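Accompanying notes for the structure given below.
First the proteins, then the strands, lettered A, B, ... as listed; each starts at 1. These figures come from a predicted structure and were not determined experimentally.
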Number of protein chains: 2
Amino acid sequence: MAARGPAGSVTIEDVARAAGVSRAAVSKVIRNAYGVSPAMRERVTAAIEALGYRPSVSARGMRGKTFTLGIEIPELSNPFFPMLLTGATAALSGSPYQLIIAPADPAHSEGYRAIQALVDRQVDGVIAVSPLVEPAWLSELSATVPVVMIGRHDRAEGYDTVVSDDEAGARQVMRHLFELGHRDIAHLTGEGARTRPGSGVPQAIRLEAYRTAMQEAGLGDRISIARAADVTADAHRTALRLLSGAERPTAIFACHDEPALGVLRAVADAGLTADDVAVAGYDGIEIAAHPGISLTTVHQDGERMGRLAVELLLERIAGRTEARHEVVEPDLVVRSSTRPPRPRGAATRLGALGDH
Amino acid sequence: MAARGPAGSVTIEDVARAAGVSRAAVSKVIRNAYGVSPAMRERVTAAIEALGYRPSVSARGMRGKTFTLGIEIPELSNPFFPMLLTGATAALSGSPYQLIIAPADPAHSEGYRAIQALVDRQVDGVIAVSPLVEPAWLSELSATVPVVMIGRHDRAEGYDTVVSDDEAGARQVMRHLFELGHRDIAHLTGEGARTRPGSGVPQAIRLEAYRTAMQEAGLGDRISIARAADVTADAHRTALRLLSGAERPTAIFACHDEPALGVLRAVADAGLTADDVAVAGYDGIEIAAHPGISLTTVHQDGERMGRLAVELLLERIAGRTEARHEVVEPDLVVRSSTRPPRPRGAATRLGALGDH
DNA sequence: CATGCTGTGTAGATTGATCTCCATCGCTCG
DNA sequence: CGAGCGATGGAGATCAATCTACACAGCATG
């Protein structure tokens, strides 16, 4: 409400003096500890209010809790991550905990630095999102502070995880494309550690699901995997290459929505439409629903994932020790970026005209 | 690089023991303070390395600096704000400072809680972004800790500001629309404090620029201001109302890109196109450049603004006391969402057909 | 040879809160 | 009437760093 003066430098000592009690008494009132008479609580509360006292988190951190949860996030420019934050902050509203975010500059040593920064600040719990932070390192870390990893499918002992069922989601996409009649389906994904089988990274699992689906459909020889070092940044270029190649796919399944947007751009730049090349993404970012984009995608409930992560953390702080691994079900959302392929022999407009 | 064990509980005391020196000596080495022989520096550095020591930010905070800068951000879902963060983190890379972000749940008492949380954590500087935090409160705060406000045009004494020249940007939009031949231009904006004249809030300044431009063009009687309590959420609905009214504007200028996306959606839903209604936004978010959107907008260099904010903060920490107010020039980016209005008497397609 | 200076290292106070004892007070009960 | 007890409040240690004041060695100078 009204601007209560900022922290200034009023300490617990000042409050104690103002209320005519000891520091310990004030501390008890703040912490809702045992051994406080209603009268004293009254006096102390009044003094706190009058002086605008706010406990120093640093001083608290010296002995125990900081009432701070930290979340480390790579590339906030990808709208999926803010969804996590929305859920996480919502889950904390009303609790005494405050969420702080450490951005992980993907250019440098990724998540490590950011998570370290959070630990240095003695957060009471850490949510990790960068997919490339080693599980062993997280395990070691989880001996010190509760940890939840969002997104990666490691079923670790020491820390909890919240994931979306990436395999099921990717299979839904493939089934949808098959049902439309597509056979030449390319998959656009990243390179290196992000797609190593068994890494548990979403991209890797979606890639594997793509491969399996193709094989199961008897299309093993048509598997086409386009890789880009930085999928998001290079999606457009990579897609252009794919589209101008001799064997143009009739559908492109991108491992995320952001690269899928680049693919859509490439399709437009190549003078093609959704009737020529179907495009599907993954994540379910909001803009995908816009009529100008209308991207078929798999919606992951990011808010729910963020909320779950916070809840798991609070449980850990409350004392739980055995690991929990939550899986959220994704939903395929079909939009107009995926349509049936043109009938054979009608690969281009001119061809179609000549045929009739 | 390799996973150095996380903070665990190795203190300066442990390092001192391992190196065979006093705590004070270790402290000096860490802080690069005067009075350290090369030999001792060597020994201490080795011990720090060997033990994987990391100074406790809390303990540091007890006496002075935390090497932490805090930025408070409302609605991260709006892609403009992540741009600020990109610039801010870039400006800090290589410095000993770490940026932490406090999300300001716009549902509650807005920025206050978030900024308070940062101050409670004794950050060495605060970047405020929420437009509705009172200047007086910020001034008071700035007596305690350096403050930079991003976005709002208050030329305060106590704190610095970084703004984009919203008046110039809005005028560019209006000139562009006039040049295309538009006369019936509506402005979509928010309500209440956000648009109060003299508040210095971007929305207010853009609104004023719209009004002035219309008046200067002799179109004072055609001024049409559509307001929504939550512009972003209600843009679609409000635009639909605007489009179905008796006096449909030929152009809509939205105060931000996010609402402009909603307007575009409304235009499509009403069965209209850019030839019927021109749409312009403001901010220059990335998706505006996508061919499926192609939104005319005013590009604000968010990265630069974030970088500037950090630089100002570091200057303040280094000792500057007089206020600085940086203005970044915006650029109009014309895309296909703004086209000339249909010639008179050709307001609808049917009409156009009948006319020829 | 006493004095002063410089360069190096340490002792110990300090910071703001928490938390473990411990003291006190007012009762009840044997 | 003294012991015991529950309820309440306080004294003081503690946490991990910083920083001032000081000690001390080595060396030059008058």
What is the nucleic acid contact for A:Ala25, judged by heavy atoms within less than 4.0 Å: base, sugar-phosphate only, or nothing?
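Result for A:Ala25 = sugar-phosphate.
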Using a 4.0 Å heavy-atom cut-off, does A:Val21 contact any base of the nucleic acid, only the sugar-phosphate backbone, or nothing at all?
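If one applies the 4.0 Å heavy-atom cut-off, A:Val21 turns out to touch the sugar-phosphate alone, with no base involved.
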Looking at B:Glu13, I want to see if its CD is surrounded by more than 12 non-hydrogen atoms of other residues, nucleotides or ligands under 6.0 Å.
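Correct, the count exceeds 12.
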So which of residues 28-39 of chain B are in contact with DNA chain D, with a heavy-atom cut-off of under 4.0 Å?
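Heavy-atom cutoff 4.0 Å gives B:Arg31.
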Given C:dC19, C:dA17, C:dA11, which nucleotide is nearest the side-chain atoms of A:Pro55?
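Of the options given, the side chain of A:Pro55 lies nearest C:dA17.
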Where each residue is assigned the nucleotide of DNA chain D containing its nearest heavy atom, which of A:Arg23 and B:Phe67 is assigned the position nearer the 5′ end?
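Nearest nucleotide further toward 5': that of A:Arg23.
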In terms of the nearest nucleotide of DNA chain D, which residue is placed more toward the 5' end: A:Gly20 or B:Glu13?
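Its nearest nucleotide being more 5', the pick is A:Gly20.
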Which nucleotide of DNA chain D is the first, and which the last, in the 5' to 3' direction, to come under 4.0 Å of a heavy atom belonging to chain B?
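The contact span of chain B on DNA chain D goes from D:dA16 to D:dC19.
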Among pairs that include at least one residue of residues 77-92 of chain A, which meet side-chain hydrogen bond (donor to acceptor under 3.5 Å, both in side chains), considering only residues two or more places apart or in two chains?
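Not a single pair qualifies under side-chain hydrogen bond (donor to acceptor under 3.5 Å, both in side chains).
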Which class fits the ring pair A:Tyr97 and A:Phe67: parallel under 30°, tilted 30 to 60°, perpendicular over 60°?
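Tilted.
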5'-most by nearest nucleotide on DNA chain C - B:Ser22 or A:Arg60:
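The 5'-side residue here is B:Ser22.
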Applying salt bridge (Lys or Arg N to Asp or Glu O under 4.0 Å), which residue pairs with at least one partner in residues 145-160 of chain A are found, sequence neighbours left out?
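Matches after skipping sequence neighbours: A:Arg152-A:Asp154, A:Asp160-A:Arg316, A:Asp160-A:Arg320.
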Angle between terminal axes - the helix from C:dC1-D:dG30 to C:dG30-D:dC1, 5 pairs each end, rounded to 10°:
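If I round to tens, the end axes sit 70° apart.
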Residues in side chain to side chain donor-acceptor pair (under 3.5 Å) contact with A:Ser130, at least two apart in sequence or another chain:
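Checked A:Ser130 against side chain to side chain donor-acceptor pair (under 3.5 Å); matches are A:Glu72.
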